[in-house]
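In what follows, a single structure is set out as structure tokens and then discussed.
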Amino acid sequence: MRSDLQGILAIIDKTNSLSDAEKSRIVTWLELSDRELKIEGSLEKVRTVVMNMRKPDDLLGICGVFFAELQNLGFTDIRDIQIVITNDDNGSLRNYQFSDNGLAGIAEVFYKGHPMTSDFVSKIQSSVDGFVQIGFSGKELAEWRNYRLKNGGLPDPGLDKAESRYYYWYSIGTGAIGISTFKSIDDAQMKILERSRNVFALAYRRYIDVALAEAQAKAAKIEAALERVRSRAMSMQKSEDLADAVGIVFEELDTLNMGTLRCGISIINKEKHTTNIWSTIKSEKGTVVQVTGDESMDIHPLLQGAYSAWFKQEDYSYLLQGDDLKRFYKALGNTNFKLPDTTHGDTQQYMYVAHFPAGGLYTFRETEFTGEAKMIIKRFADVFNLTYTRFNDLKQAEQLAQQAQTDLENLKKEKKRTDEALTELKATQSQLIHAEKMASLGELTAGIAHEIQNPLNFVNNFSEVNTELIDEMRTELENGNSNEAMIIAGDIKENEQKINHHGKRADSIVKGMLHHSRSSTGIKELADINALADEYFRLSYHGLRARDSSFNITMNTDFDENIGKINIIPQDIGRVLLNLFTNAFYSVSEKKRLQPAAGTPQYEPSVSVSTKKIAVKPDGYRVEIRVKDNGMGIPQKVMDKIFQPFFTTKPTGQGTGLGLSLSYDIITMEHGGTITAITKENEYAEFIIELPALC
């Protein structure tokens with residue numbers, strides 16, 4: 001274009017039809033057109049770069065292209081091109097800066113700590129026309145330069161020699177684009193900056209779109225990483241899977257390219273002031289997980305501060321540098337946590353830990369953690385809290401399962417011992433029941449022996465008389481006295497009838513004894529409860545008399561003749577009655593034995609038995625049997641124990657304690673009835689049996 005313009009100017013200069021003034025105006029117009037085309041071409045180059053943006057940090061490339069084009073347009077004193085994006089949340093500027101002196105890069109500068117920088121941000125955010133011009137010089141420039149260097153700004157080799165610095169900014173959304181020079185620019189250059197503003201507004205819109213897309217992609221990547229951690233946590237089947245779950249946390253943090261030197265999980269023991277640690281160790285074989293436990297948190301200020309922050313459930317940051325950095329790794333070297341020293345010369349390391357109820361997720365890196373990095377670590381800590389909760393649930397379940405297994409084994413052992421004890425108990429119980437049966441049989445036998453003696457005496461006596469009568473009858477027949485012989489024969493017959501009667505009586509008693517002594521068939525049959533009660537009442541009395549012939553007692557019976565026969569197991573009901581009668585006779589005999597010396601009213605022992613038919617609505621009835629004595633009675637404090645097995649108030653050796661227990665089972669379980677007792681100590685005791693008429 002320049003060569004074409006020179007050719008046109010040469011032609012115009014040779015044209016004689018134009019005046020010098022006209023030639024001058026044409027030349028000026030052509031030069032301006034050439035300038036305009038040149039400016040527009042430069043801006044188009046910048047637009048092309050803008051439209052090719054793929055990521056937010058491509059703004060730095062745009063700064064480089066614009067820097068070169070401004071130089072082509074005559075900006076000979078330009079120092080650099082900068083684009084800044086403000087972040088009010090943390091008070092920082094994301095600074096894209098380009099210069100041809102090698103000063104190019106991206107930095108995050110915190111502006112709220114310095115009044116001039118804060119004033120600059122305020123001006124570009126509040127500018128009405130979008131243009132801001134700022135100049136620094138002298139001491140003010142030096143202070144501003146030092147602040148930028150200390151708070152994230154890029155070093156500027158020429159800035160420390162400059163006496164002044166000028167900035168020309170145009171606001172674009174939440175940021176601005178500008179140039180800096182060591183002297184002010186002219187009006188023509190200012191107009192070029194004004195024209196470039198629209199290009200950079202386009203660049204800003206493109207930046208917003210690209211940044212949003214990148215943020216969404218990054219958020220999706222973070223969420224996918226967190227989801228993989230969650231999935232691994234929920235797939236844990238046993239507590240020992242925790243190490244693998246921890247490894248997944250570290251792997252996913254690495255995929256996010258956060259520049260971490262090392263990360264780990266710390267589970268804190270509040271009482272012991274120690275921690276269990278799962279930490280990544282990078283070696284030639286790759287990243288591995290090292291596990292160690294019960295490490296003291298008092299060995300270095302970093303760990304002490306981390307414990308205090310965990311106690312308050314606050315996030316925690318610490319900067320290791322210089323001698324403090326060396327002391328930290330030396331302190332770790334003296335523990336079981338053999339962590340390699342990752343320091344290099346004077347390298348500083350930043351530590352950040354996001355806490356959860358059981359501990360924290362910590363990370364180390366050589367640059368300060370941004371707000372975004374901390375947010376990501378917090379989210380991972382929250383997800384690992386789920387993992388650790390799952391671990392504790394599994395551990396508790398395993399402990400319960402182990403305890404259940406132990407309990408089951410113990411139960412099996414106890415069951416075996418119980419079965420053995422039950423077998424032994426049954427054998428013992430059988431022996432005791434047999435002993436009780438033999439005891440009652442002894443009582444019965446004594447009574448039977450006494451009871452059977454009378455008919456036997458009659459049989460013997462009448463047999464002897466009949467022998468004498470037969471001899472007399474033979475003599476009379478020999479003498480021919482047939483009438484006398486017939487009279488004697490009549491006497492013999494009468495005696496034989498008496499022998500037969502008393503023989504049957506003896507036979508009945510023997511059968512009753514055999515009936516009582518044999519095992520119960522458990523089969524019910526119709527029986528006369530009055531006859532059964534009367535027979536065992538007398539037999540029990542005679543059994544006592546057999547042991548103590550001096551014992552006398554008043555026996556009372558009151559049987560309801562309307563009862564008839566009822567369906568019972570006679571042997572078992574007989575045993576119940578015999579037990580109640582025996583106890584009653586024992587009670588009155590003891591009271592008689594303990595009677596005070598002469599001079600006091602004489603005690604008259606008595607025992608009674610009665611039966612009664614009681615109507616039950618609508619058309620049934622039941623049978624009541626009462627056995628009462630006026631003996632010792634039963635102490636009220638033991639009334640709730642009298643039907644318990646092996647409980648007895650008799651002296652040792654005089655009772656098994658099974659009589660009333662067996663009686664209770666026979667009445668309630670075999671016959672569906674009830675047995676109760678009412679008593680007054682030292683006055684009486686009465687047992688009441690109720691049986692269904694069709695039991």
Side-chain angles (χ1 to χ4, degrees), residues 1-2 33-76 78-87 92-109 124 130-132 152-154 156 167-181 185 189-222 224 255-259 370 372:
M1 183 65 185
R2 173 56 57 182
S33 297
D34 181 62
R35 177 72 172 172
E36 180 64 25
L37 289 173
K38 188 176 182 179
I39 294 171
E40 189 58 37
S42 295
L43 294 177
E44 184 59 31
K45 289 180 181 179
V46 178
R47 289 191 193 96
T48 301
V49 176
V50 167
M51 296 310 297
N52 287 325
M53 282 183 65
R54 293 293 181 268
K55 54 185 183 296
D57 287 351
D58 286 346
L59 283 178
L60 183 61
I62 294 173
C63 289
V65 173
F66 190 45
F67 184 90
E69 293 305 316
L70 285 181
Q71 285 187 322
N72 290 336
L73 293 175
F75 284 73
T76 56
I78 187 172
R79 178 62 181 166
D80 59 34
I81 294 287
Q82 294 185 41
I83 297 177
V84 296
I85 306 297
T86 61
N87 184 345
S92 69
L93 295 172
R94 187 140 179 97
N95 192 186
Y96 299 87
Q97 185 173 351
F98 183 86
S99 176
D100 63 351
N101 66 350
L103 175 61
I106 304 170
E108 188 173 17
V109 182
I124 64 173
F131 177 73
V132 177
L154 295 173
D156 188 341
Y167 284 92
Y168 301 91
W169 295 96
Y170 274 100
S171 176
I172 48 173
T174 58
I177 179 171
I179 67 172
S180 71
T181 63
I185 61 176
Q189 291 174 325
M190 186 67 73
K191 289 180 180 180
I192 293 174
L193 288 181
E194 290 176 356
R195 291 182 63 179
S196 65
R197 178 183 177 188
N198 291 334
V199 176
F200 283 96
L202 173 64
Y204 179 72
R205 289 194 298 272
R206 181 66 180 162
Y207 164 81
I208 293 299
D209 294 340
V210 171
L212 179 60
E214 185 179 73
Q216 290 173 341
K218 190 170 186 178
K221 187 176 181 181
I222 293 171
T255 63
L256 299 178
N257 299 319
M258 296 177 60
T370 63
E372 181 185 31

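Just so it is clear, the values below take in all heavy atoms, side chains as well, and ignore hydrogens, waters and symmetry mates.
In terms of heavy-atom proximity, Leu60 sits nearest to Gly105 at CD1-O, 3.6 Å. In terms of heavy-atom proximity, Gln189 sits nearest to Gly74 at NE2-O, 3.3 Å. Residues Cys63 and Gln82 come closest through the heavy atom pair SG-C, 4.3 Å.
The shortest distance between side-chain heavy atoms of Ile192 and Phe75 falls below 4.5 Å.
Listed by chain and residue number, nothing satisfies the side chain to side chain contact (heavy atoms under 4.5 Å, CB included) test with Thr76 (two or more places apart in sequence, or in another chain). Residues meeting the side chain to side chain donor-acceptor pair (under 3.5 Å) test with Thr181, sequence neighbours left out: none. Take Asp58 and apply the side chain to side chain donor-acceptor pair (under 3.5 Å) test, not counting sequence neighbours, and it matches Lys55. Legend: residues meeting side chain to side chain contact (heavy atoms under 4.5 Å, CB included) with Ser171, ordered by chain and number and at least two apart, are absent. For Lys45, the side chain to side chain contact (heavy atoms under 4.5 Å, CB included) partners are Glu69, not counting sequence neighbours. For Lys221, the salt bridge (charged side-chain N to carboxylate O under 4.0 Å, His left out) test picks out no residue, with sequence neighbours left out.
With rounding to the nearest 0.5 Å, the separation of CD1 in Ile81 from CD1 in Ile62 is 12.0 Å. Distance CD1/Ile85 to CD1/Ile106: 11.0 Å, rounded to 0.5 Å. Taking CG of Asn95 as the start and CG of Leu59 as the end, the distance is 11.0 Å to the nearest 0.5 Å.
Screening residues 52-74 for ring-ring contact (aromatic ring centres under 6.0 Å, His included), with sequence neighbours left out, gives Phe66-Phe200, Phe67-Phe98.
The only member of Tyr170, Tyr168, Trp169, Tyr167 that meets side chain to side chain contact (heavy atoms under 4.5 Å, CB included) when paired with Ile179 is Tyr168.
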